[in-house]
Amino acid sequence: MAHIRVRFAPSPTGPLHIGGLRTALYNYLFARQAGGTFILRIEDTDQSRYISGAEQYIIESLSWAGIEPDEGPGVGGDYGPYRQSERKNLYQKYAEQLIVSGHAYYAFDTPEELAARRAQNPAFKYDSSVRLQMRNSLTLAAEEVAQLIELGKPYVVRLKVPRNELIAFRDRVRGEVQFHSEELDDKVLLKSDGMPTYHLANVVDDYLMKITHVIRGEEWLPSTGHHVLLYRAFGWTPQMPEFAHLPLILKPNGKGKLSKRDGQKLGIPVFPLAWKDAKEIFEGFREFGFLPEAVVNFLAFLGWNPGTEQEVYTLEELYQLFSLDKVSKGGARFDFDKAKWFNQQHIMRLDGYALAQRVRPWIAQHGVTPDESYLAAVCELLKSRVTLLSDFWTQGAYFFTPVTQYDEAAIRKRWKPERRPIIEDFIRYLSQLTTWDAATIEQAIHAYVQAKGLKFGEVLPFVRLALAGTLKGPGVNEMMALLGKETVLQRLQEGLDRFDQIVSATATS
RNA sequence: GGCCCGUUCGUCUAGGGGUUAGGACGCCACUCUUUCAAGGUGGAGACACGGGUUCGAUUCCCGUACGGGCUACCA
């Protein structure tokens with residue numbers, strides 16, 4: 001087959017959501033796997049829905065996910081411009097061509113007239129059965145049409161859908177799909193503002209940009225019949241791309257496709273990056289503490305899987321394995337728990353230093369800038385215990401600042417002021433240690449506990465509580481080694497006072 | 001309403017005319033660890049329904065039900 005060229009063609013009407021990202025991802029994986037070209041094309045033909053900043057958002061989101069277009073706005077390429085608004089007159093030319101060849105016609109019906117038709121018949125369709133009752137170049141005399149255009153009367157160009165044709169095509173994920181032409185309406189190709197609709201622009205650009213595979217969401221399946229007709233009308237059937245319609249990503253409850261509102265309603269991210277509205281901010285996966293590679297992995301598996309039992313993959317591994325034939329047909333629900341699991345898996349895959357880079361901004365948010373090796377060591381210690389990048393701070397702040405929060409319930413339950421001499425003695429013992437690393441500390445604690453006839457449970461929980469404020473966390477030895485002797489002794493001493501305070505506060509209240 | 005697409009554990013899915021229907025998330029238990037995770041082991045848990053075809057259907061066909069998408073001068 002010829003050189004593979006695919007495109008992701010979002011329209012800049014708002015933030016790219018996770019379903020769009022997945023479509024981009026599948027296109028990207030498919031292109032990379034085949035050594036093909038991945039193109040970004042901005043479909044900004046509806047100026048009423050245009051949102052400034054959306055294009056930039058899309059580009060940044062793709063880039064965050066590691067998806068870099070080979071051609072597109074800002075990147076260039078031999079088939080530009082890659083913004084449809086900049087290709088406007090091209091479409092007019094092609095619409096003209098269709099009129100000349102009899103595959104399209106001018107229509108002068110006003111929006112009000114059409115609305116009236118729909119009011120009396122909700123199922124009204126502007127199609128081959130009614131077009132001869134409408135005001136268009138099929139019913140009006142040629143001179144009249146010319147005059148209306150001359151007078152600057154608004155008009156649209158509509159596709160003249162043939163009667164009695166079977167439109168069949170092979171979809172890479174669904175197999176044979178067919179439509180009867182009677183069921184298709186005479187879609188508007190060129191709007192009265194001179195801009196093309198999706199249908200025209202899409203087909204013209206895919207042809208001009210030599211797109212070989214159209215991989216897009218299932219919501220486009222119903223209009224593919226029109227697209228096939230367009231390729232026929234232009235005489236481009238031999239160049240018609242292969243279609244692959246992806247299953248939709250559904251709301252967690254399965255009722256409909258995932259939408260912007262679901263994020264706010266359920267407290268889950270539905271956008272890759274944060275997006276600011278006029279009135280609210282939508283946090284993205286990035287702001288929730290997700291690694292882009294985890295999001296990519298999660299998304300890749302929503303509607304596809306390699307058929308192996310391995311689930312955790314990098315982007316590179318994914319494109320080696322990807323295959324359209326393994327894309328599933330049914331819609332997939334968005335499962336936030338699974339997303340978090342992927343994130344945890346990818347966090348564990350990274351070593352301390354790699355993690356430190358990702359975690360640093362999260363720590364810096366709290367005004368702390370630890371040095372690299374220390375941060376890396378903390379990350380290494382914490383990485384199997386966190387699921388989100390934000391957890392490094394929420395679960396490990398005590399590595400960077402004094403303990404601010406003590407688990408008071410645990411202290412009340414376990415601490416007895418009579419124990420104080422034991423811990424004080426232990427502090428003295430520790431202060432005599434001359435070597436300070438995890439192994440030495442472990443041995444020392446062992447020896448101490450044994451010598452004094454104590455149980456670990458009489459010492460360790462209090463050490464942990466004094467050092468971290470919580471009973472949870474990495475091994476005490478590692479924690480102590482990292483924190484350093486001075487800090488450990490100090491926190492232990494302070495902890496004793498805090499414990500007494502907390503316990504006596506309960507006693508009096 | 002019409003047209004199109006779909007339907008394997010709660011969720012994501014593997015599989016495919018004869019299987020103990022496999023894995024992962026989540027859940028439960030045990031284990032490891034004197035913490036919490038991670039890890040390990042085990043458990044509960046699915047072929048929507050009805051007809052065919054067939055020696056045999058979860059798998060193929062047809063219906064039905066249910067779900068979803070589309071039905072704009074939006075993409």
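Residue numbering restarts at 1 for every chain, and letters A, B, ... go by the order of the sequence lines. The basis for the numbers below is simple: all heavy atoms, side chains too, and nothing from hydrogens, waters or symmetry mates.
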>> Let's see if you can work this out: which of G1(B), U11(B), C5(B) has an atom nearest to the side-chain heavy atoms of Asp335(A)?
In response: U11(B)
> Has the side chain of Ser384(A) got a donor or acceptor that lies under 3.5 Å from a partner of the other kind on the base of A37(B)?
Replying inline: yes
> Which nucleotide, G68(B), U35(B), G39(B), lies nearest any side-chain atom of Glu218(A)?
Replying inline: G68(B)
> Touch check for Asp186(A), heavy atoms < 4.0 angstrom, all strands: base, sugar-phosphate only, or nothing?
Replying inline: nothing
> Quantified in whole Å, what is the P atom distance between nucleotide G45(B) and nucleotide U13(B)?
Replying inline: 23 Å
>> Please determine whether a side-chain nitrogen of the Lys or Arg among Lys452(A) and Asp425(A) lies less than 4.0 Å from a carboxylate oxygen of the Asp or Glu.
In response: yes
>> Taking only the P atom of each, what is the distance from C36(B) to G42(B) in whole angstrom?
In response: 23 Å
>> Please determine whether a side-chain nitrogen or oxygen atom of Ser328(A) lies at a distance below 4.0 Å from atom OP1 or OP2 of U13(B).
In response: yes
> For the pair made of CH2 in Trp341(A) and P in G23(B), what is the distance, rounded to whole Å?
Replying inline: 14 Å
>> For C47(B), give the paired nucleotide (Watson-Crick: N1-N3 plus N6-O4 or O6-N4; G-U: N1-O2 and O6-N3; both under 3.5 Å), or none.
In response: none
>> If we check salt bridge (Lys or Arg N to Asp or Glu O under 4.0 Å) with Glu218(A), which of these qualifies: Arg174(A), Lys329(A), Lys257(A)?
In response: Arg174(A)
> With a non-hydrogen cut-off below 4.0 angstrom, is Gly330(A) in contact with a base, only sugar-phosphate, or nothing?
Replying inline: sugar-phosphate
> So which nucleotide does U54(B) pair with, by the Watson-Crick or G-U wobble rule with both distances under 3.5 Å?
Replying inline: none
>> Go nucleotide by nucleotide along RNA chain B from the 5' end; which of Gln344(A) and Val173(A) gets its closest nucleotide reached first?
In response: Val173(A)
> Considering every strand shown, what is the Watson-Crick or G-U wobble mate of A65(B) when both distances are under 3.5 Å?
Replying inline: U7(B)
>> Of the options C73(B), C25(B), C3(B), whose atoms approach the side-chain atoms of Ser192(A) most closely?
In response: C73(B)
> Rounding to a whole Å, what distance do you find between Leu258(A):CG and G69(B):C1'?
Replying inline: 15 Å
> Does Arg414(A) pair with Glu458(A) as a salt bridge, N-O distance under 4.0 Å?
Replying inline: no
> When all nucleic acid strands are considered with a 4.0 Å heavy-atom cut-off, which category describes Gly256(A): base, sugar-phosphate, or nothing?
Replying inline: sugar-phosphate
> Thinking salt bridges, do Arg83(A) and Glu55(A) make one under a 4.0 Å N-O criterion?
Replying inline: yes
> Taking the C1' atom of each, how far is C49(B) from A65(B), in whole Å?
Replying inline: 7 Å
> Could you give the CZ-to-C1' distance, from Phe392(A) to A37(B), as a whole number of Å?
Replying inline: 12 Å
> Is the closest basic N to carboxylate O distance between Asp277(A) and Lys260(A) below 4.0 Å?
Replying inline: yes
> What is the nucleic acid contact for Arg49(A), judged by heavy atoms within less than 4.0 Å: base, sugar-phosphate only, or nothing?
Replying inline: base
>> Considering every strand and a 4.0 Å limit on heavy-atom distances, what is the contact class for Tyr198(A): base, sugar-phosphate, or nothing?
In response: base
> Taking only N and O in the side chain of Asn305(A), is any of them less than 4.0 Å away from OP1 or OP2 of A14(B)?
Replying inline: yes
>> If you assign each of Pro222(A) and Lys326(A) to its closest nucleotide in RNA chain B, which residue comes earlier from the 5' end?
In response: Lys326(A)
>> Rounding to an integer number of Å, can you tell me how far Ile51(A) CD1 sits from A75(B) C1'?
In response: 13 Å
> Which nucleotide, in any strand shown, forms a Watson-Crick or G-U wobble pair with C32(B), with both distances under 3.5 Å?
Replying inline: none
> Within the structure shown, what part of the strands sits under 4.0 Å from Lys257(A) by heavy-atom distance: base, sugar-phosphate, or nothing?
Replying inline: sugar-phosphate
> Below 4.0 angstrom, N of the basic side chain to O of the carboxylate: do Glu86(A) and Lys88(A) qualify?
Replying inline: no
> Quick one: His227(A) NE2 to A75(B) P, roughly how many Å, whole number?
Replying inline: 10 Å
> When you compare U19(B) with C12(B), how far apart are their P atoms, in angstrom units rounded to a whole number?
Replying inline: 26 Å
> How close or far is atom C1' of U11(B) from atom NZ of Lys251(A), stated in whole angstroms?
Replying inline: 17 Å
> Side-chain donor or acceptor of Lys338(A) under 3.5 Å from a matching atom on the base of A24(B)?
Replying inline: yes
>> By the 4.0 Å heavy-atom rule, please label Pro154(A) as base, sugar-phosphate, or nothing.
In response: nothing
>> Whole angstroms only, please: what is the CG-P distance between Leu190(A) and C73(B)?
In response: 13 Å
> Base, sugar-phosphate, or nothing for Leu221(A), non-hydrogen atoms under 4.0 angstrom?
Replying inline: sugar-phosphate
>> For the P atoms, the ones on U11(B) and on G18(B), what distance do you get once it is rounded to whole angstrom?
In response: 26 Å
>> What's the closest nucleotide to the side chain of Lys255(A) if the choices are G68(B), C25(B), A75(B)?
In response: G68(B)
> Going by an N to O cut-off under 4.0 Å, is there a salt bridge joining Arg135(A) and Glu113(A)?
Replying inline: yes
> With a non-hydrogen cut-off below 4.0 angstrom, is Val188(A) in contact with a base, only sugar-phosphate, or nothing?
Replying inline: sugar-phosphate
>> For a quick check of understanding: with a heavy-atom distance under 4.0 Å over all strands, which category does Arg333(A) fall into, base, sugar-phosphate or nothing?
In response: sugar-phosphate
> On a whole-Å scale, what distance lies between the P atoms belonging to G63(B) and C4(B)?
Replying inline: 12 Å
> Just how far, in rounded Å, is P of C36(B) from NZ of Lys472(A)?
Replying inline: 9 Å
> On a whole-Å scale, what distance lies between the P atoms belonging to G67(B) and U8(B)?
Replying inline: 15 Å
>> Counting only side-chain nitrogens and oxygens, does Arg158(A) get under 4.0 Å of the OP1 or OP2 atom of C73(B)?
In response: yes
> Across all strands, who's sitting opposite A21(B) as a Watson-Crick or G-U wobble pair, both distances under 3.5 Å?
Replying inline: none
>> Ring-plane angle category for His199(A) and His226(A), please: parallel below 30°, perpendicular beyond 60°, tilted otherwise.
In response: tilted
> Do the two ring centres, one from Tyr26(A) and one from Trp304(A), sit under 6.0 Å apart?
Replying inline: no
> Across the strands shown, which category fits Phe179(A) at heavy-atom distances under 4.0 angstrom: base, sugar-phosphate, nothing?
Replying inline: sugar-phosphate
> Touch check for Thr45(A), heavy atoms < 4.0 angstrom, all strands: base, sugar-phosphate only, or nothing?
Replying inline: sugar-phosphate
>> Looking only at the side chain of Lys191(A) (C-beta and beyond, no hydrogens), which of the listed nucleotides U35(B), C73(B), C3(B) gets closest?
In response: C73(B)
>> Classify Gly217(A) by what it touches in the nucleic acid, base, sugar-phosphate, or nothing, heavy-atom distance under 4.0 Å.
In response: nothing
>> Of the listed nucleotides (A75(B), C73(B), U35(B)), which one gets closest to any side-chain atom of Arg464(A)?
In response: U35(B)
>> Of the options U34(B), U7(B), A38(B), whose atoms approach the side-chain atoms of Lys329(A) most closely?
In response: U7(B)
> In terms of the angle between their ring planes, are Phe288(A) and Phe336(A) parallel, tilted or perpendicular, with boundaries placed at 30° and 60°?
Replying inline: perpendicular
> With a 4.0 Å cut-off on heavy atoms, is Lys383(A) in touch with a base, just the backbone sugar-phosphate, or nothing at all?
Replying inline: nothing
> Considering only side-chain heavy atoms of Glu309(A), which listed nucleotide, A75(B), G22(B), U34(B), is closest?
Replying inline: G22(B)
